[in-house]
Amino acid sequence: MHTRTRSKHMNQAEAKIRIDELKAVLWENSRKYYVENAPTMSDYDYDQLMHELERLEAAYPEFATPDSPTRRVGSDLETPEATLEEGVRREFVQVAHRYPMLSLGNTYSIEEIEEFAARASKSLEGNAFTYCCELKFDGTAICLTYRNGKLLRALTRGDGVVGDDVTENVRHIANIPQVLHGDYPEEFEIRGEILMPYASFEALNRQREADEDAPFANPRNAASGSLKLLDPEEVGRRGLMCTLYHIPVQSGLPYATHDEALRAAASWGLPVSDERRLCRNIEEIEAYIAHWDTARKALPFATDGIVIKINELEFQNLLGYTAKSPRWAVAFKFKAEQALTPLLSIDYQVGRTGAVTPVANLEPVLLSGTTVKRATLVNEDQMRALDLHLGDWVYVEKGGEIIPKITGVEPSKRTPGAMEPVFPATCPDCGTPLVKPEGEAKWFCPNTDGCPTQAKGKLVHFLSRKAMNVIAGEATVEQLYNLDLVRTPADFFDLTPAKLSLLDGWKEKSIQRFLRSLADCRKIPFPRVLFAIGIRYVGEQTAKDVAAHFGSIDTLAEASVEQLLEVPDIGDVTARAIYAWFREPAHQVEIQRLKAAGLQFSAEAPRENQSDALKGLSIVISGNFSISRDEMKELIERNGGKNSSGVSAKTTYLLAGSKPGPEKIRKAQELGVEIIDEARLMSLLPETAAQEMPKNLFQQFEEPTLF
């Protein structure tokens with residue numbers, strides 16, 4: 001499949017650099033995909049990078065490590081940095097899988113399916129076998145356990161070794177039976193996929209848009225996010241469904257083949273797909289793939305490929321597993337669906353930070369179950385690379401069925417004399433000349449306060465859940481701005497019932513709810529207020545660090561660049577941005593108005609520490625501990641230590657629990673930062689501090705034996 005010889009175009013040092021780059025990109029996109037349900041890379045692009053890493057690790061085995069994404073399953077276990085849907089539960093109880101829940105190797109090539117078959121035949125020493133071919137469902141993996149005919153437990157894949165216990169949520173998915181019928185085993189596991197049908201997905205997104213929430217990008221993301229909601233009743237309303245496709249061979253059930261086991265499961269009332277087919281050779285597999293590459297478009301839910309499995313369970317046992325995947329199965333992934341459609345026009349959109357992004361308006365076309373009317377063109381360089389002309393017919397695809405993008409132009413359909421689009425020299429919103437900072441690919445509008453789109457974006461940010469958590473969104477801000485009622489965040493606090501009654505559809509109940517929500521802003525602590533006012537480069541953690549260092553907005557406003565650089569983890573760009581923001585007279589007036597409105601602009605007096613045992617130490621935590629991560633951070637702070645979000649040369653220790661982030665481990669090793677465990681941390685604390693640890697929130701389980 002891939003050569004095991006060293007690359008002729010790369011020396012050892014270059015290979016090490018590229019391997020580290022690939023690991024970082026793949027782990028970050030894995031986290032975005034599995035945890036945040038907000039992937040930024042198509043499946044195809046991700047798989048190509050994974051194959052490149054596999055080739056490099058084969059050619060340079062000295063750089064292959066146990067924590068490589070080629071050897072570990074992507075994890076849906078949450079991380080402290082994860083951005084999750086409102087109402088999604090954090091820190092589910094984690095339970096060990098009885099048998100490891102692995103992932104499948106992917107291919108886009110029939111030739112690689114042939115190689116898979118040849119390897120299996122060789123390993124089985126010529127014994128005759130068949131294949132069971134099934135649809136590859138595009139949802140989120142689930143493992144169900146039944147005991148005495150009743151649903152006992154439901155676990156997500158997690159990291160393949162432990163998963164999140166989502167049993168109560170799964171009980172509210174309509175087609176998962178609570179009680180079985182027929183001649184079922186006393187206890188068994190069965191695995192499959194939780195899906196969101198297209199109809200449920202579209203209804204959910206319509207509701208989210210009406211509620212001024214961001215819509216989900218695709219049904220897979222919606223299914224994964226819905227499965228981890230706090231309210232099981234809401235899970236039931238999301239219209240999820242389940243399809244089951246695998247009983248682990250280690251279960252020892254009395255079946256000779258995979259197909260026979262699934263037929264038995266269906267007889268017990270379990271939702272097993274009936275679209276599978278037994279195949280005897282590559283030709284029959286290829287015919288099955290060709291059929292479903294077209295027929296899948298008529299299915300009511302998303303599929304992204306075909307899974308080919310050795311059907312005989314005895315041979316599955318003989319073939320066994322790698323650290324990450326079974327050797328008896330492989331997934332053939334469909335290439336991204338593509339369509340040819342006319343380019344109607346190009347809009348130039350201004351974002352909250354002033355970045356100007358070109359967006360193509362298209363003749364509507366159906367792709368992967370949704371109608372595509374618009375596609376981003378990323379930036380001016382991308383437009384030039386495509387050689388776009390107005391009126392062109394363009395190829396559009398949804399990379400990994402996620403984000404519509406234009407991949408090419410059909411020159412034979414170009415109208416003679418068609419004009420190239422001209423990227424604007426001035427802001428399409430306010431007319432200010434655009435600038436392109438050195439090293440940036442995008443053009444920006446520098447009119448940060450006067451540009452209407454940027455101003456509205458800052459207002460939406462101010463009201464957002466992680467900032468002031470006011471019950472309002474983009475539609476409300478749009479109306480308030482258009483009525484000239486709000487221009488800056490301080491204007492919100494001048495609103496009266498009479499002014500709010502001018503908004504379309506707003507009655508007394510809506511007005512009072514909004515005003516109560518605004519009044520609650522006075523309870524928001526200083527770090528979140530600092531984050532809410534929207535200084536560029538000042539995210540949540542930076543706002544916490546700056547607020548803790550300076551204590552009040554007045555001290556911060558007087559700080560020099562040099563003083564700002566004394567804040568741990570603050571770099572030159574951020575320091576200069578903060579300094580410049582406070583030098584603007586309009587911003588000084590804004591702060592005074594927000595103070596008058598009663599917002600908190602000084603830190604609360606720090607409570608008395610348990611000890612100074614960790615004073616002067618900067619600690620980064622990663623992984624799971626005997627207490628929650630928030631409690632671990634509190635323990636560090638109450639003993640004089642500082643929690644940092646990322647490993648740097650200033651980090652004293654990386655505190656690693658179970659399943660730590662591989663990138664943090666790698667960076668700590670690169671920088672020579674000492675890695676300690678929970679027991680070592682406890683040894684640094686006085687006995688009284690260790691005894692006052694918060695109650696254990698994690699259920700402990702034995703690690704299963706890997707194959």
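If you read the sequence from its start, that first residue is 1, and numbering goes on from there.
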Distance, nearest 0.5 Å, that separates [atom1] of [X] from [atom2] of [Y]:
X: Trp268; Y: Leu270; atom1: CH2; atom2: CG; value: 7.5 Å
X: His246; Y: Gln316; atom1: NE2; atom2: CD; value: 6.5 Å
X: Ile142; Y: Met101; atom1: CD1; atom2: CE; value: 7.0 Å
X: Leu229; Y: Leu240; atom1: CG; atom2: CG; value: 8.5 Å
X: Leu318; Y: Glu312; atom1: CG; atom2: CD; value: 11.0 Å
X: Glu189; Y: Thr145; atom1: CD; atom2: OG1; value: 4.0 Å

Checklist entry - Can you list the steps and then say if Tyr108 with Lys335 is a side-chain contact (heavy atoms from CB on, under 4.5 Å)? => result CA-CA 7 Å; Tyr108 294 81; Lys335 287 187 171 64; 4.1 Å; yes

Count the heavy atoms belonging to other residues, nucleotides or ligands that lie under 6.0 Å from [atom1] of [X], then report whether that count exceeds 12.
X: Glu125; atom1: CD; result: no
X: Lys297; atom1: NZ; result: yes
X: Asp183; atom1: CG; result: no
X: Arg171; atom1: CZ; result: yes

Can you check whether [Y]'s main-chain N or O pairs, donor with acceptor, with [X]'s side chain at less than 3.5 Å?
X: Asn317; Y: Gly320; result: no
X: Asn127; Y: Leu124; result: yes
X: Glu286; Y: Ile282; result: no
X: Ser267; Y: Ala264; result: yes
X: Tyr245; Y: Gly192; result: yes
X: Ser123; Y: Arg119; result: yes
X: Asn311; Y: Asp259; result: yes
X: Trp292; Y: Gly305; result: no
X: Ser251; Y: Pro248; result: yes
X: Thr156; Y: Asp164; result: yes

Do the charged groups of [X] and [Y] touch, with an N to O distance under 4.0 Å?
X: Arg263; Y: Glu260; result: no
X: Arg55; Y: Glu57; result: no
X: Lys136; Y: Asp304; result: yes

In the structure I gave you, are the side-chain heavy atoms of [X] and [Y] within less than 4.5 Å of one another anywhere?
X: Leu227; Y: Ile173; result: yes
X: Asn148; Y: Glu186; result: yes
X: Leu104; Y: Val330; result: no
X: Lys333; Y: Thr107; result: no
X: Thr407; Y: Val396; result: no
X: Val307; Y: Cys133; result: no
X: Asp138; Y: Glu193; result: no
X: Glu52; Y: Arg18; result: yes

Between [X] and [Y], a side-chain donor and acceptor under 3.5 Å:
X: His291; Y: Glu275; result: no
X: Thr167; Y: Asp165; result: yes
X: Glu187; Y: Tyr146; result: no

Item to check | Criterion salt bridge (charged side-chain N to carboxylate O under 4.0 Å, His left out) against Glu134, the qualifying member of Arg277, Lys309, Arg276 | outcome: Lys309

Looking only at heavy atoms, which two atoms of [X] and [Y] are closest? And how far apart?
X: Leu144; Y: Ala154; result: CD2-CB, 3.7 Å
X: Ser226; Y: Val235; result: O-CG2, 3.3 Å
X: Val162; Y: Ala96; result: CG1-CA, 3.8 Å
X: Pro326; Y: Tyr321; result: CA-CD2, 3.6 Å
X: Pro177; Y: Gly269; result: CG-O, 3.5 Å
X: Pro197; Y: Phe301; result: CA-CB, 4.2 Å

Item to check | Verdict with reasoning, Glu678 to Ile621, per side-chain contact (heavy atoms from CB on, under 4.5 Å) | outcome: CA-CA 10 Å; Glu678 186 173 339; Ile621 75 169; over 6 Å; no

Next on the checklist: Can you tell me how the ring of Phe129 sits relative to the ring of Tyr131, calling it parallel under 30°, perpendicular over 60° and tilted otherwise?
Outcome noted: perpendicular

Next on the checklist: Suppose we call two aromatic rings close when their centres sit under 6.0 Å apart. Are Trp328 and Phe116 close by that rule?
Outcome noted: no

Checklist entry - Does the side-chain contact (heavy atoms from CB on, under 4.5 Å) test come out yes or no for Val166 and Ile194, once each step is laid out? => result CA-CA 12 Å; Val166 291; Ile194 303 294; over 6 Å; no

Checklist entry - Where do Ile110 and Phe332 land on the side-chain contact (heavy atoms from CB on, under 4.5 Å) test, with the steps shown first? => result CA-CA 8 Å; Ile110 291 295; Phe332 177 90; 4.1 Å; yes

